[in-house]
Amino acid sequence: MPKKLIIANWKLNPTTIKDAKKLASLISVKAKNKVVLCPPAVYLSQINYPNLGAQDCFWQDKGAYTGQVSPLQLKDLKIKYCIIGHSELRAIGENDSMINFKLRTLLQHKIIPVLCVGFGTTVEQEDMEVVDVLRAQLEAGLKDVDASKIVVAYEPVWAIGTGKTATPEHAEKIGIFIKAKYGIKTVLYGGSVNASNAREFLQQRNVGGLLVGGASLIAKEFNQIINI
Ligand code: PEP
């Protein structure tokens, strides 16, 4: 199996720097796959791991923008990746044009954006509708952006943190669609990935890796995933 990209999204966890450092120290640095840890932004400067990513950032480098994280600050910390457009942020008001600004700014600073797309309130929704929503999200998000420099994470919303996953075949189909239609080189799958189901996603040719939430907080389990 070729090396894949596995990104850990710690979300708003853990709640102390001590626990964050401990968790990072337990993650294998010589895994079989390429691994990126995305801790909360407040910990980024203190976590020691070969590849780090942020969970979000603003589209301006500096100025009167209270509470924001600047892509220039991320660059200064040598952060290589930044998740953008996670459904948990879209749910509280982030829209496609904000996402588009963020992607453009990150690319200017040579930080690789990991654009999350996904849809679906229920597992029953037809593939066709999924493709329509993905198309809308990708077309707006990628406007005037060099798509070949972006990683896309396909995450069905109903699969995030629920213990339910899409089928590996569905993830493969979406991977093929996104790569062919938008010129994206790497499409990840995300949504309730764990040590028991990761292998079947990684075995799909057009699934370039995984975006892992909950299971990335359990060092033993995450180490199993990244060493598949
Ligand atoms: C996520 O939040 O991107 C995610 C995939 O979460 P989980 O693995 O917990 O479903």
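For the single chain, residues carry numbers from 1 onward in sequence order. In listed order, ligands and their atoms are each counted from 1.
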Which protein heavy atom lies closest to [atom], and at what distance to 0.1 Å?
| atom | result |
| --- | --- |
| atom 1 (C) of ligand 1 | H86 NE2, 3.2 Å |
| atom 2 (O) of ligand 1 | K11 NZ, 2.5 Å |
| atom 9 (O) of ligand 1 | G214 N, 2.8 Å |
| atom 3 (O) of ligand 1 | E155 OE2, 2.7 Å |

Ligand 1 N/O within reach of S192 N/O, cut-off under 3.5 Å: yes
Any N/O pair A215/ligand 1 closer than 3.5 Å: no
Distance under 4.0 Å to a non-hydrogen atom of [X]: what atoms of ligand 1 satisfy this?
| X | value |
| --- | --- |
| A159 | 10 (O) |
| G191 | 5 (C), 10 (O) |
| G161 | 7 (P), 9 (O), 10 (O) |
| L211 | 3 (O), 5 (C) |

Heavy-atom nearest option to atom 8 (O) of ligand 1, drawn from G213, S216, G190: G213
Over all atoms of both residues, closest heavy-atom pair of A198 and L210: CB-CD1, 3.9 Å
Minimum heavy-atom distance between E155 and H86, given as atom pair plus value: OE1-NE2, 3.4 Å
Test log, rule salt bridge (Lys or Arg N to Asp or Glu O under 4.0 Å), inputs D19 and K22: CA-CA 5 Å; D19 288 348; K22 171 97 196 292; over 6 Å; no
Sidechain N-carboxylate O distance under 4.0 Å for K143, D96: no
Residues E172, R205: salt bridge by 4.0 Å N-O rule: no
Verdict with supporting geometry, Y189 and Q204, side-chain hydrogen bond (donor to acceptor under 3.5 Å, both in side chains): CA-CA 10 Å; Y189 168 77; Q204 305 298 317; over 6 Å; no
Between N51 and K80, a side-chain donor and acceptor under 3.5 Å: yes
K149 atom NZ: more than 12 heavy-atom contacts under 6.0 Å: no
